[in-house]
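Beneath this line is the structure, given in structure tokens, with notes to follow.
Every chain is numbered from 1, with letters handed out A, B, ... down the list of sequences. Computed over heavy atoms, backbone and side chain alike; hydrogens, waters and symmetry mates excluded.
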Number of protein chains: 2
Amino acid sequence: MAIIVDKEAKRRDIALSCRDLLQEHGIANLTIAQIAQTAGVGKGTIYEYFDNKEDIVFEIITTFLREDLEYLQQLVTLPLSTREKLFRFCTFRYENEQEGEKYRELFKEFLAISLISKEPAMLRFSQEARAAFRIILEQILDEGVAQGELEERFRGAAESLIIFSTGMVVESRLEGFDTQQELNTILDLFFPTPTQGNPS
Amino acid sequence: MAIIVDKEAKRRDIALSCRDLLQEHGIANLTIAQIAQTAGVGKGTIYEYFDNKEDIVFEIITTFLREDLEYLQQLVTLPLSTREKLFRFCTFRYENEQEGEKYRELFKEFLAISLISKEPAMLRFSQEARAAFRIILEQILDEGVAQGELEERFRGAAESLIIFSTGMVVESRLEGFDTQQELNTILDLFFPTPTQGNPS
DNA sequence: TTGTCTATGACTGACTGTCGGTCAATGAAA
DNA sequence: TTTCATTGACCGACAGTCAGTCATAGACAA
């Protein structure tokens with residue numbers, strides 16, 4: 001009979017081949033024609049694997065988030081203070097000067113789409129990603145409490161920190177916003193002995 | 001000479017006449033043609049007063065934010081506890097069940113635009129609005145410290161609360177997100193005697 | 001084993017409809 | 001007659017569609 005392709009795999013392949021393109025142009029300036037050309041397929045083929053333009057962006061972002069998750073998962077295992085881990089958890093998007101800028105831009109665009117999109121798939125995905133991040137954060141907090149670095153009452157602060165991080169991503173679009181300083185201000189609430197400046 | 005129209009005033013007029021339209025359809029489903037028709041002018045006229053579609057939305061949002069600011073300014077004068085004021089400050093967008101929903105939807109779309117847009121005017125406006133909100137928040141915090149309801153070290157927490165509020169707007173798009181509970185969790189950090197539940 | 005035929009799903013790009021934005025023409029006031 | 005506001009026909013760009021083409025796995029005869 002005919003060839004049967006692995007739809008899921010090809011979807012990922014197309015997404016992967018367009019990562020750079022997306023980072024370079026941004027979502028708004030990315031056309032389906034460009035995507036198709038870069039992926040080396042016809043425009044129609046794109047719609048064989050994706051519902052619409054958002055869906056493509058969505059898939060590409062997923063590849064980034066998977067990497068994020070890997071990074072954060074190994075962060076937990078590093079020999080660092082709880083405060084340092086929390087700090088890195090919340091600022092890892094800002095770590096790399098060069099690549100970080102592009103990545104953050106992309107993440108903002110993703111946030112923008114997911115703010116407006118009412119697609120159930122998009123919402124479900126956001127929720128799953130959040131849950132994964134949250135588990136890691138809770139692990140850091142639990143360890144912090146176990147090691148006496150953190151008061152018991154902060155064990156349930158994972159949600160708050162995630163909300164705060166999200167807020168930081170949005171606010172960082174503004175000139176003069178100092179991510180590290182703002183995060184330290186919050187972390188000072190968590191740790192009895194306030195430390196000014198980046199604790200690293 | 002010919003007629004000289006007050007550009008600024010007409011800009012506001014057009015924006016005002018389209019408030020409902022924007023709330024009804026959302027930004028993505030709002031066309032320039034609709035806007036022009038609703039405002040009772042030709043499509044070309046719109047571009048006499050606005051640079052682009054975003055600019056229109058931007059102007060309409062401004063009218064809402066002006067109202068917000070008025071509300072928050074009078075909030076400071078009410079005879080309420082500091083905690084209650086902070087609570088209301090951060091949740092006022094969620095107060096009204098019916099209208100609040102539409103309003104939040106709009107605000108999210110505004111956030112989405114301002115996340116992506118690199119228009120200097122848009123960024124400047126965001127920063128100005130933020131500064132205005134911040135001043136009110138700082139006033140609440142100062143009063144709280146003065147009245148002994150709040151420890152001195154929380155005087156500089158305005159920035160943190162704004163970031164957190166922004167995060168809440170974004171996260172509230174997700175099913176099962178409880179604004180009030182999350183805000184109380186954070187406020188519990190500020191106030192020595194934790195109060196569970198909505199303090200109102 | 002080899003050659004041939006065929007069903008099927010992958011693939012394509014010309015085409016369509018929509019929409020943001022432009023501009024030449026018109027109108028009105030002074 | 002000048003000047004400015006107004007207008008809607010028009011334009012180009014782009015997302016998304018669909019009728020048709022192509023490539024190959026498998027069936028089967030020689």
Side-chain angles (χ1 to χ4, degrees), chain A residues 1-18 21-22 24-61 109-110 112-114 116-122, chain B residues 1-18 21-22 24-61 109-110 112-114 116-122:
Chain A
M1 289 296 173
I3 315 160
I4 303 294
V5 302
D6 182 339
K7 292 255 177 190
E8 215 31 69
K10 183 135 190 177
R11 204 181 135 93
R12 278 198 301 272
D13 283 348
I14 293 175
L16 220 54
S17 71
C18 294
L21 199 66
L22 182 62
E24 204 57 51
H25 294 74
I27 292 165
N29 302 313
L30 193 66
T31 68
I32 299 287
Q34 277 179 307
I35 291 171
Q37 197 175 13
T38 304
V41 299
K43 200 142 96 75
T45 307
I46 296 292
Y47 287 91
E48 209 58 43
Y49 297 96
F50 300 94
D51 291 339
N52 48 44
K53 194 180 164 185
E54 280 184 8
D55 196 25
I56 302 169
V57 172
F58 172 74
E59 182 68 31
I60 300 177
I61 294 281
E109 293 185 351
F110 163 70
I113 288 182
S114 76
I116 295 175
S117 170
K118 275 142 194 71
E119 282 286 310
M122 175 68 84
Chain B
M1 289 288 189
I3 319 160
I4 302 295
V5 299
D6 182 340
K7 290 254 176 189
E8 219 25 74
K10 183 137 187 178
R11 203 180 136 93
R12 277 199 301 272
D13 283 350
I14 293 175
L16 220 55
S17 70
C18 293
L21 198 65
L22 181 62
E24 204 57 51
H25 293 76
I27 292 164
N29 303 312
L30 193 67
T31 67
I32 299 286
Q34 277 179 309
I35 291 172
Q37 196 175 14
T38 305
V41 299
K43 202 143 90 76
T45 308
I46 296 291
Y47 286 90
E48 207 59 41
Y49 297 97
F50 300 93
D51 291 339
N52 49 44
K53 195 182 166 186
E54 280 184 7
D55 196 26
I56 302 168
V57 173
F58 172 75
E59 182 68 32
I60 299 176
I61 294 281
E109 293 186 354
F110 164 69
I113 289 182
S114 74
I116 295 174
S117 169
K118 276 143 193 71
E119 282 284 310
M122 175 68 85

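The 5' end of DNA chain D is approached more closely, in terms of each residue's nearest nucleotide, by B:Lys7 than by the other of B:Lys7 and A:Asn52.
For A:Thr38 against A:Ser17, the heavy-atom pair with the smallest separation is CG2-O, 3.4 Å.
Distance from the side chain of A:Thr31 is smallest for D:dA15 among the nucleotides C:dG20, C:dA10, D:dA15. Checking C:dA10, D:dG16, D:dT7 against the side-chain heavy atoms of A:Glu48 singles out C:dA10 as nearest. Of the candidate nucleotides D:dT7, C:dG20, C:dT12, C:dT12 has the atom lying nearest to any side-chain atom of A:Thr45. Checking C:dT22, D:dA15, C:dT12 against every side-chain atom of A:Ile32, the shortest atom distance belongs to D:dA15.
Atoms CD (B:Glu54) and C1' (C:dG21) sit 14 Å apart, rounded to a whole Å. Spacing between atom NZ of B:Lys53 and atom P of D:dA13 amounts to 19 Å, rounded to whole angstrom units. Distance, B:Lys10 NZ to D:dC4 C1': 12 Å, rounded to whole Å. In this structure, the CD1 atom of A:Ile4 is 11 Å from the P atom of C:dC11, given to the nearest Å. Rounded to a whole Å, the CD1 atom of B:Ile27 is 16 Å from the P atom of C:dC19. Rounded to whole Å, atom C1' of C:dT22 lies 14 Å from atom CD1 of B:Ile46. To the nearest angstrom, P of C:dC15 lies 18 Å from OH of A:Tyr47. B:Phe50 has its CZ atom 20 Å from the P atom of C:dC19, to the nearest Å.
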Intermediate values then yes/no, side chain to side chain contact (heavy atoms under 4.5 Å, CB included), B:Met122 and B:Ile113: CA-CA 9 Å; B:Met122 175 68 85; B:Ile113 289 182; 3.3 Å; yes
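The local environment of CD in A:Gln34 is crowded, with over 12 non-hydrogen atoms from other residues, nucleotides or ligands closer than 6.0 Å.
Among the candidates A:Asp55, A:Ile35, A:Asn52, the single residue satisfying the side chain to side chain contact (heavy atoms under 4.5 Å, CB included) test with A:Ile46 is A:Ile35.
Among the heavy atoms of the strands lying under 4.0 Å from B:Leu30 are primed sugar atoms or P, OP1, OP2 only; no base atom is included.
Here A:Leu30 contributes atom CG and A:Ile60 contributes atom CD1; the two are 7.0 Å apart, rounded to the nearest 0.5 Å.
Phosphate contact (OP1/OP2 of C:dC11, side-chain N/O of A:Tyr49, threshold under 4.0 Å): present. The side chain of B:Lys43 contributes no N or O atom lying less than 4.0 Å from OP1 or OP2 of D:dA9.
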